[in-house]
S.K.: 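Sharing a structure here in structure tokens format.
Proteins come first, then strands; the chains are lettered A, B, ... in the order of their sequence lines, and each starts at number 1. Remember, predicted model here, so these are calculated numbers, not experimental data.
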Amino acid sequence: FPVVPEKEKEDMQFAKKYLENFYDFKEEKNSLFKSKNLNHMAEKVREMQSFFGLEVTGKLNRKTLDMMKQPRCGIPDIRA
Amino acid sequence: YSTFPQSPKWRKEDVTYRILNYTPDMLQADVDEAIAKAFQLWSSVTPLRFTRLYSGQADIMISFAAGFHGDFYSFDGPGGTLAHAYPPSSGIGGDAHFDEDENWTKFTTYSGYNLFLVAAHELGHSLGLGHSNVFGALMYPIYMATDTRDYRLPQDDIDGIQALYGPPRESPVLPTKAFPPQEPTETTSAEAPTQMLPREEPTAMTPSKTPARPEDCDPHLTFDAITTLRGEILFFKGSYVWRRSPYFSGIEHDTISSFWPSLAPGFDAAYEIDKKDRVLFFKDDQYWAVSGYNIEPGFPRPIQNLGFPTSVRKIDAAVHDQKTKKTYFFAGNKYWSFNENTQSMERGYPRKIASDFQGIGHRVDAALQNNGLFYFFHESNQYEVDIKSKKLIRTMKSNSWFNC
């Protein structure tokens, strides 16, 4: 099924916020290298997927997003 | 399991907490109970004891708040983040915050979040545990609606908290068997709820030094208090408990802290109201109520709430008559009769023990009701008394229950 672009953007923002809150993701907003940020985020996605026993792909698939949307505790999952 | 960086933990065993405010979603008594039960989960597997404060600064300050609430971690409205708590340290360390935009409940439903479960998780953080990636662990970060009846701490959480604090003190040599399950309880419409009086000082009893456990068959053995509990008989002396049960053979050795970690040793008296599945413990001028392992919220209360004059600062013994619903309290050479239905002392009391109980001419140290008979303990003897006639039947050694 085709992905709705606005929804995809929303999911990306949501995931970024989630990884910032719980996986110590820090986006380099002034970085000229967008790919570096994306790689760093993928690394954090992998970390999150590994924590929850999901398939470790580094990609924001449906299962990963659904897990991120579960009600949870506000403390980070990793030592930071 | 995991801990926070550098594994902060409380460097003392007596930790205080205070509930700063309440959610309108639940009755305050239910919030109190959820929090108390959450602390009991952790105290039952560690040497930690938790005391509730009603004013001033406690180690763990518990509050409900929505959105921005004064720290760097604002809540996010319904869903998402439910709560957070800080690891042990001074100031905000240990404090637990619950998102008021959630619907808090004492049930496990699809329409709200069970406060006991979330509080138990957050208090794990307050004690130094981080998140666990073990699915089903209490410290797993995602909320999991679980049946909270007879909730038991998963092994991963026990391993984590004991890595920080160790196991409980004076664990019994033999595994402690669980109390029998609760029978359906009778409710009394005439019972008037007693106003809980907040106290300025901590609510814990003053602990006393711990001598060695006396031998079961020591002919000079005496008891502080004795009570039935769900068909079993518990004998108390200092911090020690002897447990006699129809469900297992022999006498089990326990400690008070193994059953009720937040109750300090040295009871003066105890009795069970079996129809309400409730046991009351007395120490000095206060009393506590428990149901199985759970200490009921709203306790301790002053014994004056029961109708004792202010001149009575402690009692020696108590025993409940299941048939008449009367409880007899003994102090010095006098006794009172308390009507459990009306929750009031009967007229004409106190009376002298010797006047009504023939053959009992002394103080009663502990009392027990079993199979329609009273047993009054004084020093190393016990006196079997017919409840109806109040006449002495026979005298035995106090530890005759131990098959010596």
S.K.: So with a 6.0 Å cut-off around CZ of B/R149, is the heavy-atom count from everything else above 12?
M.R.: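 No, not enclosed.
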S.K.: With side-chain contact (heavy atoms from CB on, under 4.5 Å) as the test, would you mind laying out the steps for B/H131 and A/R72 before giving the verdict?
M.R.: CA-CA 11 Å; B/H131 282 151; A/R72 58 162 292 151; 3.5 Å; yes
S.K.: Determine whether B/I142 and A/M67 make a side-chain contact, defined as any pair of heavy atoms from C-beta on separated by less than 4.5 Å.
M.R.: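 Yes, their side chains come closer than 4.5 Å.
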S.K.: What part of A/M68 gets closer than 4.5 Å to chain B, counting heavy atoms only: side chain, backbone, both or neither?
M.R.: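 No part of A/M68 comes within 4.5 Å of chain B.
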S.K.: Supply the atom-to-atom distance A/D77 CG to B/N133 CG, rounded to the nearest 0.5 angstrom.
M.R.: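 The CG atom of B/N133 is 9.5 Å from CG of A/D77, to the nearest 0.5 Å.
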S.K.: What part of B/Y73 gets within 4.5 angstrom of chain A, counting heavy atoms only: side chain, backbone, both, or neither?
M.R.: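 Interface part for B/Y73: neither.
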S.K.: Identify the heavy atoms of B/A85 and A/I75 that sit nearest to each other, and give their distance.
M.R.: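 Result for this residue pair: O-CD1, 3.0 Å.
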S.K.: Counting only heavy atoms not in A/K69, do more than 12 fall under 6.0 Å of its NZ?
M.R.: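 Yes, the 6.0 Å shell around NZ holds more than 12 heavy atoms from other groups.
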S.K.: Using heavy-atom distances under 4.5 Å, tell me whether B/E102 contacts chain A through its side chain, its backbone, both, or neither.
M.R.: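 Neither; nothing under 4.5 Å.
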S.K.: Taking the side chain as every heavy atom from C-beta outward, state whether A/F22 and B/P141 have any pair of such atoms under 4.5 Å apart.
M.R.: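 Contact flag for A/F22/B/P141 side chains = no.
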S.K.: Please work out which of the three classes, parallel, tilted or perpendicular, describes the rings of B/Y140 and A/F51, given edges at 30° and 60°.
M.R.: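 Geometry flag for B/Y140 against A/F51: parallel rings.
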S.K.: Is it the case that more than 12 heavy atoms not belonging to A/Q13 sit under 6.0 Å from its CD atom?
M.R.: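 Check passes, neighbour count above 12.
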S.K.: At a heavy-atom distance under 4.5 Å, which candidate from A/C73, A/G74, A/G53 has the highest pair count against chain B?
M.R.: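 Answer, by heavy-atom pair count under 4.5 Å with chain B: A/C73.
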S.K.: Counting heavy atoms not belonging to A/D66, are there more than 12 under 6.0 Å from its CG?
M.R.: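 Yes, because the 6.0 Å sphere around CG of A/D66 holds more than 12 heavy atoms from other groups.
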S.K.: So what's closer than 4.5 Å to chain A heavy atoms on B/S132: side chain, backbone, both or neither?
M.R.: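 Just the backbone, heavy atoms under 4.5 Å.
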